[in-house]
Amino acid sequence: MPMFVDTSPPGECIFCRLIAGEIPAAKLLETPLTIAFMDIGQVNPGHVLVATKRHVQTVFDITPEEAAEIAQTSQRVAFAIRAAFNPPGLTLLQANGREGDQTVGHFHQHVVPRHAADGVGLNWPRKEPAFAVIEGYAARLRAVLPG
Ligand SMILES: [Zn+2]
């Protein structure tokens, strides 16, 4: 799906440099733990990234407080996108790991205005296993749910 992959060496993360003001980005807002900005990777007008200020890579690395603030900042941005651009749809997308389509190794969530036939896509290959199989999956997850 994504065509850009950040290959910056460790310690020179592109988002950390952007947060530090070393490379250009249009910053929208900052909260104690998050920052919302727009960069050159716009897929539709008004596409915003919400990132942790702290350099962490994936959903497994953020604190519960960062998770909450990412969600709240993303919702604020979504309301602003609706008010300013009024797209008929909006997608929140947060990717983890190369196989999860993460292209910059700094935790972030996309808030993407969506339009009919805008070319943005995510394949969704439904498998529809038997219900007993699904119950087995749920049992595996319930057994290890944190907190
Ligand atoms: Zn970083």
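FYI, side chains are in, hydrogens and waters are out, and symmetry mates aren't considered; it's all heavy atoms of this structure.
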>> Side chains of L49 and F15, heavy atoms from C-beta outward: is any pair under 4.5 Å?
In response: yes
>> To the closest 0.5 Å, what do you measure between CD1 (I19) and CD (E22)?
In response: 11.0 Å
> Looking at L18 and K27, what are the two nearest heavy atoms and their distance?
Replying inline: O-CE, 3.7 Å
> Counting only N and O atoms by type, is there a donor-acceptor contact under 3.5 Å from the side chain of D61 to the main-chain atoms of V56?
Replying inline: no
> Closest heavy-atom contact between A25 and F37?
Replying inline: CB-CD1, 4.3 Å
> Does any non-hydrogen side-chain atom of Q94 lie less than 4.5 Å from one of F107?
Replying inline: yes
> Atom CZ in R140, atom CD in E135: separation rounded to 0.5 Å?
Replying inline: 14.0 Å
>> Ignoring hydrogens, what is the shortest heavy-atom contact between F85 and G46? Give both atom names and the distance.
In response: CE1-CA, 3.6 Å
> Can you check whether P113's main-chain N or O pairs, donor with acceptor, with N44's side chain at less than 3.5 Å?
Replying inline: yes
>> As a test of understanding, state which of H110, R114, H47 forms a side-chain hydrogen bond (donor to acceptor under 3.5 Å, both in side chains) with T91.
In response: R114
>> How long is the straight-line distance from SG of C16 back to CZ of R54, given to the nearest 0.5 Å?
In response: 11.0 Å
>> Would you compute the distance between atom CG of N86 and atom CD1 of I81 and round it to the nearest 0.5 angstrom?
In response: 11.5 Å
> Any side-chain heavy atom of E66 within less than 4.5 Å of one from T34?
Replying inline: no
> Looking only at heavy atoms, what is the nearest atom pair of D118 and V120, with distance?
Replying inline: OD1-N, 3.0 Å
>> Using every non-hydrogen atom in the two residues, find where V77 and A36 come nearest and quote the distance to one decimal.
In response: CG2-CB, 3.9 Å
> Of all heavy-atom pairs between P88 and H115, which one has the smallest distance, and what is that distance?
Replying inline: CD-ND1, 3.4 Å
> Are side-chain heavy atoms of T31 and R76 found at a separation under 4.5 Å?
Replying inline: yes
>> In terms of relative ring orientation, are H55 and H106 parallel, tilted or perpendicular, with 30° and 60° separating the classes?
In response: perpendicular
>> Let me confirm one number: the CG-OG1 distance from L29 to T73, rounded to the nearest 0.5 Å.
In response: 5.5 Å
> When rounded to the nearest 0.5 angstrom, what distance separates CG in L90 from OG in S74?
Replying inline: 9.5 Å
>> Tell me whether the count of non-hydrogen atoms from other residues, nucleotides or ligands lying under 6.0 Å of CG in L141 goes above 12.
In response: yes
>> Any side-chain to backbone donor/acceptor pair from K127 onto P125? Under 3.5 Å, distance only.
In response: yes
> Just wondering, do V111 and L92 contact through their side chains at under 4.5 Å, heavy atoms?
Replying inline: yes
